A.B. asks: 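This is the structure, below, for whatever I ask next.
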Amino acid sequence: MRNTNLSPPWRKLLLTVHVATAVSVLGTDLVLLVLGISSVRGADPWTIYPAADLIATWLLAPLAVVALGTGVLLGLLTRWGLFRYWWVTIKLTLTAILTGVILFVLVPRLGAAADAATGPAPQTFTIAERLPLAVAPAAGVTLLILTVVLAVYKPPWRLRVRPKRAQGKGLS
């Protein structure tokens, strides 16, 4: 039984937008990882942190929100559902957590670091202060690759199995 409210052209369009934004989130996170590694290796914070802040604020955050939104719509409007299969629920959970971390942790911290690096008295950053800019995107890339693996392999395990309808419901 196919539980969908979308016609095939609309489903394909929504799926295309979802895949494009999700892949873009992964690519943008890889860019932040390169900036983070450059920072740990001693690149100038005056260059690195403002660039990372712009990328996270104007590219990564909106893409993450669109990827999450289109994923939720696909779950609601197609046969996969949001809580029917483990792989969908895991993808939803990871995407929601990553989006929250991007919006409420990464973007504000990168903004503060960019301000500190470019302010009237530029701050020098220790390796310990530079390391999170490399570690956070590395963790994000790892989790995003996991979501890709889940989407490609689609393990068939159901989160919950619906009870079969009783045959002959009439009273005897």
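Residue numbers start at 1 and run along the sequence shown. Quick caveat, the model's predicted, so the values are computed rather than measured.
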A.B. asks: Take L92 and L68 through the side-chain contact (heavy atoms from CB on, under 4.5 Å) test and state the conclusion after the steps.
C.D. replies: CA-CA 7 Å; L92 172 64; L68 177 61; 4.1 Å; yes
A.B. asks: Measure the CG-OG1 distance between D44 and T124 for me, rounded to the nearest 0.5 Å.
C.D. replies: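 It comes to 11.0 Å.
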A.B. asks: Check whether K154 reaches the backbone of A151 with its side chain - one donor and one acceptor, N or O, closer than 3.5 Å.
C.D. replies: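 A pair under 3.5 Å: yes.
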A.B. asks: Between L77 and R11, does the side-chain contact (heavy atoms from CB on, under 4.5 Å) criterion hold? Intermediate values first, please.
C.D. replies: CA-CA 8 Å; L77 299 175; R11 184 188 58 77; over 6 Å; no
A.B. asks: Specify the closest pair of heavy atoms between T47 and P50, including all atoms of both residues, with the distance to one decimal.
C.D. replies: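 The answer is O-CD, 3.7 Å.
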A.B. asks: Any non-hydrogen side-chain atom of I37 less than 4.5 Å from a side-chain atom of R41?
C.D. replies: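 The answer is yes; the side chains approach within 4.5 Å.
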A.B. asks: Atom CG in L6, atom CG in L73: separation rounded to 0.5 Å?
C.D. replies: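 Rounded to the nearest 0.5 Å, the CG-CG separation comes to 8.0 Å.
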A.B. asks: Would you mind reporting whether V88 and L150 have side-chain heavy atoms less than 4.5 Å apart?
C.D. replies: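 Sidechains of V88 and L150: no contact.
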A.B. asks: First locate atom OG1 of T95, then atom CD1 of I90, and finally report the distance between them rounded to the nearest 0.5 Å.
C.D. replies: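 Going from OG1 on T95 over to CD1 on I90, the span is 11.5 Å.
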A.B. asks: Flag yes if V107 and W58 sit in one hydrophobic cluster, no otherwise; membership is Ile, Leu, Val, Met, Phe, Trp, Tyr, and two members link when side-chain heavy atoms are under 4.5 Å apart.
C.D. replies: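 No.
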A.B. asks: Would you check if V17 and V66 make a side-chain contact, meaning some heavy-atom pair closer than 4.5 Å?
C.D. replies: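 Result yes, sub-4.5 Å side-chain heavy-atom pair found.
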A.B. asks: Nearest 0.5 Å, what's the CD-OH distance between Q123 and Y49?
C.D. replies: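 Answer rounded to 0.5 Å: 8.5 Å.
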